[in-house]
Amino acid sequence: MIVDEAKLLVSQKSGSKTAIKAVLNKYATEMRKFGVSLILASQLIAHFNEEILANIAVKFCMRSENKKQAQENAKFFEVSEKDLLNFQPGEGILIIGSEKMNIRIVPASERNH
């Protein structure tokens, strides 16, 4: 299952109480029992809570738009803020387990068919 703008489907803190926007938090761990994989896309890692982050097996991060985004994402992805700010469009880091690799997504218009 692919969820773009996944921040819209997770619990968000609102003052001293938590406002539940949807069931993604609850079912993110349960779905694995049924062979369902999730691809969650969002601009900031901070959009996700600890329960969801603890269940991520493959991580992919692309260029940060500003220093604040780079600072937050760099901690989770264990990369430098500078790298996240300097990636070119289509470039990013892919982390599978303890293996990290820089990748570049080639637009279809630039591929040899």
Side-chain angles (χ1 to χ4, degrees):
M1 178 184 300
I2 299 172
V3 181
D4 193 11
E5 295 300 335
K7 70 179 181 179
L8 301 174
L9 300 176
V10 296
S11 296
Q12 294 185 348
K13 292 181 181 175
S14 174
S16 62
K17 52 186 171 177
T18 300
I20 303 298
K21 295 188 109 181
V23 296
L24 188 59
N25 294 35
K26 179 180 178 184
Y27 292 111
T29 54
E30 296 293 321
M31 294 166 108
R32 290 188 306 177
K33 292 181 198 175
F34 303 103
V36 176
S37 296
L38 289 173
I39 298 173
L40 305 175
S42 190
Q43 296 296 319
L44 291 172
I45 200 66
H47 290 152
F48 303 108
N49 66 25
E50 291 298 319
E51 184 177 16
I52 290 174
L53 295 177
N55 285 288
I56 295 175
V58 177
K59 306 168 192 170
F60 178 61
C61 186
M62 297 180 81
R63 181 177 172 216
S64 294
E65 293 298 317
N66 57 54
K67 188 171 176 96
K68 183 180 177 185
Q69 280 184 2
Q71 288 171 338
E72 291 183 28
N73 290 341
K75 291 178 212 168
F76 181 76
F77 289 95
E78 298 177 351
V79 297
S80 75
E81 294 172 30
K82 184 179 176 182
D83 285 345
L84 293 179
L85 289 167
N86 290 329
F87 282 139
Q88 297 301 308
E91 293 179 342
I93 186 163
L94 178 67
I95 304 169
I96 302 173
S98 61
E99 186 176 349
K100 295 180 186 179
M101 60 195 90
N102 288 343
I103 64 168
R104 180 174 181 268
I105 299 170
V106 179
S109 61
E110 295 178 17
R111 297 179 194 159
N112 294 330
H113 297 212

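Numbers for residues simply follow the sequence, beginning at 1.
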**Message:** Using the side-chain contact (heavy atoms from CB on, under 4.5 Å) criterion, which residues pair with L85? Sequence neighbours excluded.
**Reply:** S64, A70
**Item:** Pairs satisfying side-chain hydrogen bond (donor to acceptor under 3.5 Å, both in side chains), at least one member in residues 86-106, at least two apart
**Value:** R104-E110
**Asked** Just how far is it from atom CZ of F77 to atom CD1 of I95, taken to the nearest 0.5 Å?
**Response** 6.0 Å
**Request:** Quick one: list whatever passes side-chain contact (heavy atoms from CB on, under 4.5 Å) with I39, sequence neighbours left out.
**Result:** I2
**Item:** Shortest non-hydrogen contact between S80 and A74, atoms and distance
**Value:** C-CB, 4.1 Å
**Prompt:** Which residues satisfy the side-chain contact (heavy atoms from CB on, under 4.5 Å) test with E65, sequence neighbours excluded?
**Reply:** Q69
**Item:** Pairing residues for L53 by the side-chain contact (heavy atoms from CB on, under 4.5 Å) criterion, not counting sequence neighbours
**Value:** I45, F48, E50, I56, F76
**Message:** Through direct or indirect side-chain contacts below 4.5 angstrom among Ile, Leu, Val, Met, Phe, Trp and Tyr, which residues connect to M101?
**Reply:** V58, F60, M62, L94, I96, I103, I105
**Request:** Please determine which of E72, K75, Q71 meets the side-chain contact (heavy atoms from CB on, under 4.5 Å) test together with E81.
**Result:** Q71
**Prompt:** With sequence neighbours excluded, what pairs up with N73 under the side chain to side chain donor-acceptor pair (under 3.5 Å) test?
**Reply:** none
**Request:** Could you check if a side-chain atom of L84 sits within less than 4.5 angstrom of a side-chain atom of C61, using non-hydrogen atoms only?
**Result:** yes
